[in-house]
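All values below were derived from every heavy atom in this structure, side-chain atoms included, with hydrogens, water molecules and symmetry-related copies excluded. The shown structure was predicted, so the numbers you read here are calculated from the model rather than taken from an experiment.
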Amino acid sequence: MLRLEMLVYTFSALCIAAKAELKARNCSETREACVARGFSFTHVPLQEIPGEHLRVCPQGNTCCSQEMEDAFGQRSKQEFGDLVDEMSHTLRSMFVSRHQKFDEFFLELLENTERSLNEMFKRTYGKPYMQNAEVFENLFAELKRYYTGGNVNLEEMLNDFWSRLLERMFTLLNSQYVITEDYLECVSKYTDQLKPFGDVPRKLKAQVTRAFIAARTFVQGLSVGREVAQRVSKVSSTPACMRALTKMSYCPFCQGMPAVKPCKNYCLNVIKGCLANQADLDPEWNHYIDAMLLVALRLEGPFNIESVMDPIDVKISDAIMNMQDNSAQVSYKAFQGCGQPKPAGMTRSARGVPDVFNARFRPYNPDERPTTAAGTSLDRLVVDIKEKLKQSKRFWSSLPEEMCVDTRLAAGNATDDQCWNGHTKGRYFPEVVLDGLTNQLNNPEVNVDITRPDTLIRQQIMALRVMTNKLKNAYNGNDIYFQDSSDEGSGSGSGSGCTEACPTEADVAPPEAPAVEADRRGPVESSSSSLLPPMGLLTTLALSALVLQIHWR
């Protein structure tokens with residue numbers, strides 16, 4: 001009797017197992033999931049079929065045809081690219097909008113400052129200013145050209161401005177004399193001794209130079225960040241990555257359990273393998289962000305371009321009035337050094353211009369000043385961008401963790417045994433690999449060729465490295481100058497302000513092998529011809545030697 005009961009129990013268990021097996025072989029869930037995902041396959045098996053035709057998913061009994069596996073591969077690639085694009089959208093949008101905002105702010109600040117100066121100088125100085133307005137127009141044109149990336153040496157440009165202003169002022173204040181171009185050139189040589197404008201030029205040059213270096217470099221940095229983010233976010237999946245993505249995301253469909261999500265650690269290994277090159281960008285990206293934050297501090301503090309440009313009309317007017325007040329002393333010293341100029345005679349005004357050019361400058365009251373540039377202030381812009389920059393640190397290395405969450409790719413719990421582990425529903429045991437290309441050598445899910453770094457990513461790493469170097473120099477008040485091909489022999493830095501040896505291109509680019517090393521390896525075709533005597537000369541020497549030999553015989 002007991003034996004019969006055992007047989008009945010065993011038979012019942014086998015029946016239950018058989019029913020469960022039959023249920024597992026049903027592919028209805030896969031069919032429904034495919035329709036929900038928008039797939040339009042010509043045929044989806046009703047029951048599991050032998051899977052010898054599969055190249056990615058497990059080859060046991062399967063709910064997938066070859067057509068389905070191929071379609072899953074293409075969809076995996078597309079969805080992965082779309083997800084990276086979606087997750088980097090906020091980062092890219094931040095750089096695009098902040099670059100636009102800062103650029104708009106600085107350009108409008110320059111326009112407002114020039115308009116303010118022009119209106120106040122016309123009201124205060126009238127005709128003498130109008131006759132010499134191009135001196136000031138050129139100043140702002142050169143400042144704008146520098147800011148927008150032009151080849152302008154800020155220090156030399158500001159020195160030229162004060163020299164031209166001195167020439168015009170000296171001529172106006174000494175209109176009873178004939179002041180020639182040669183005489184003005186002589187006067188310019190004594191500028192340091194005369195100090196016609198007091199200490200204003202020296203102070204203003206230091207402030208303007210540092211403020212513009214910081215502003216221009218910061219906006220260039222935002223531009224580089226924008227371009228790098230846009231380029232790196234367009235991922236190109238390798239065949240090995242496509243296989244791993246397909247196996248992770250769609251092979252559960254072939255096993256008849258499309259609702260089962262990948263295990264988190266399994267997902268991390270797959271995504272780290274697919275984004276190995278992007279993770280290599282992260283260290284240089286973090287250095288770049290740190291350098292941007294440093295320059296942002298300068299924009300808030302001593303290099304604040306808004307606080308420099310806003311009162312520039314008052315400062316220039318102070319310089320003009322200083323020369324007016326000391327015109328007699330300045331002229332006397334100039335006459336001592338350059339000689340007494342000839343009287344102008346009756347054809348020129350004997351009383352000179354001082355009577356006309358003696359109005360005292362009255363700057364705008366705060367309420368009269370033009371509205372702030374771009375409807376905001378530099379302080380508000382900087383506070384905003386600093387917060388956004390801090391949030392973008394470690395962005396590229398954190399992408400796998402951000403992607404492998406329950407709401408996106410993977411199951412929520414890394415230790416869950418009810419997730420897809422690449423073979424079946426169960427726990428995933430392999431360790432999660434570290435970030436970066438070289439750490440993918442032992443990646444159990446993606447076969448990554450660590451000997452072939454992605455060229456595009458390496459280019460972006462170099463772009464960040466160059467920009468970081470420029471930002472660090474801007475933080476110190478220095479400007480890296482990359483000589484334009486049209487500037488023959490010009491080695492001066494644009495607004496360098498260097499207190500130590502100025503940086504050169506060697507600071508931001510890999511050093512090239514010296515020419516002497518090339519000579520040791522063998523002749524270099526491009527340079528060897530300049531080191532050898534011409535062929536005609538060799539022929540002449542040979543013939544001369546032959547004639548001498550015959551003669552001595």
With sequence neighbours excluded, residues passing side chain to side chain donor-acceptor pair (under 3.5 Å) with K234: D85
Which residues share a side chain to side chain donor-acceptor pair (under 3.5 Å) with T113, sequence neighbours left out: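 Listed in chain order: nothing, the list is empty.
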Selection residues 316-338 - residue pairs positive for ring-ring contact (aromatic ring centres under 6.0 Å, His included), sequence neighbours left out: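 Matches after skipping sequence neighbours: Y177-F335.
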Pairs flagged by ring-ring contact (aromatic ring centres under 6.0 Å, His included) wherever residues 203-234 is involved - sequence neighbours left out: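 Passing the test, one end in residues 203-234: F102-F218.
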Ring centers of Y475, F303 separated by less than 6.0 Å: no
Report yes or no: do [X] and [Y] form a side-chain donor-acceptor pair below 3.5 Å?
X	Y	answer
N159	K205	yes
D435	S397	no
R394	S398	no
N138	R164	no
D449	T451	yes

May I ask you to decide whether [X] forms a salt bridge with [Y], counting only side-chain N to carboxylate O separations under 4.0 Å?
X	Y	value
R202	D199	yes
R458	D280	yes
E114	K144	no

Closest heavy-atom pair and its distance - E284, L464: CG-CB, 3.8 Å
Nearest heavy atoms of P343 and V178, plus distance in Å: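 The pair with the smallest heavy-atom distance is O-CG2, 3.7 Å.
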E185: partners by salt bridge (Lys or Arg N to Asp or Glu O under 4.0 Å), with sequence neighbours left out: none
Sequence-distant partners of R226, salt bridge (Lys or Arg N to Asp or Glu O under 4.0 Å), two or more places apart: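 Not a single residue meets the salt bridge (Lys or Arg N to Asp or Glu O under 4.0 Å) criterion with R226.
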Worked check of side-chain contact (heavy atoms from CB on, under 4.5 Å) between Q324 and S327: CA-CA 5 Å; Q324 287 181 234; S327 60; 5.7 Å; no
Salt bridge (Lys or Arg N to Asp or Glu O under 4.0 Å) evaluation trace for R380 with D384: CA-CA 6 Å; R380 284 197 291 270; D384 170 70; over 6 Å; no
Derivation and outcome, ring pair (Phe, Tyr, Trp, His ring centres under 6.0 Å), residues F95 and W285: CA-CA 14 Å; F95 275 99; W285 176 265; 5.7 Å; yes
Over-ring placement of R216 relative to Y147, 6.0 Å and 45° cut-offs: no
Audit row: Y146, V208, side-chain contact (heavy atoms from CB on, under 4.5 Å) steps and yes/no: CA-CA 12 Å; Y146 172 83; V208 169; over 6 Å; no
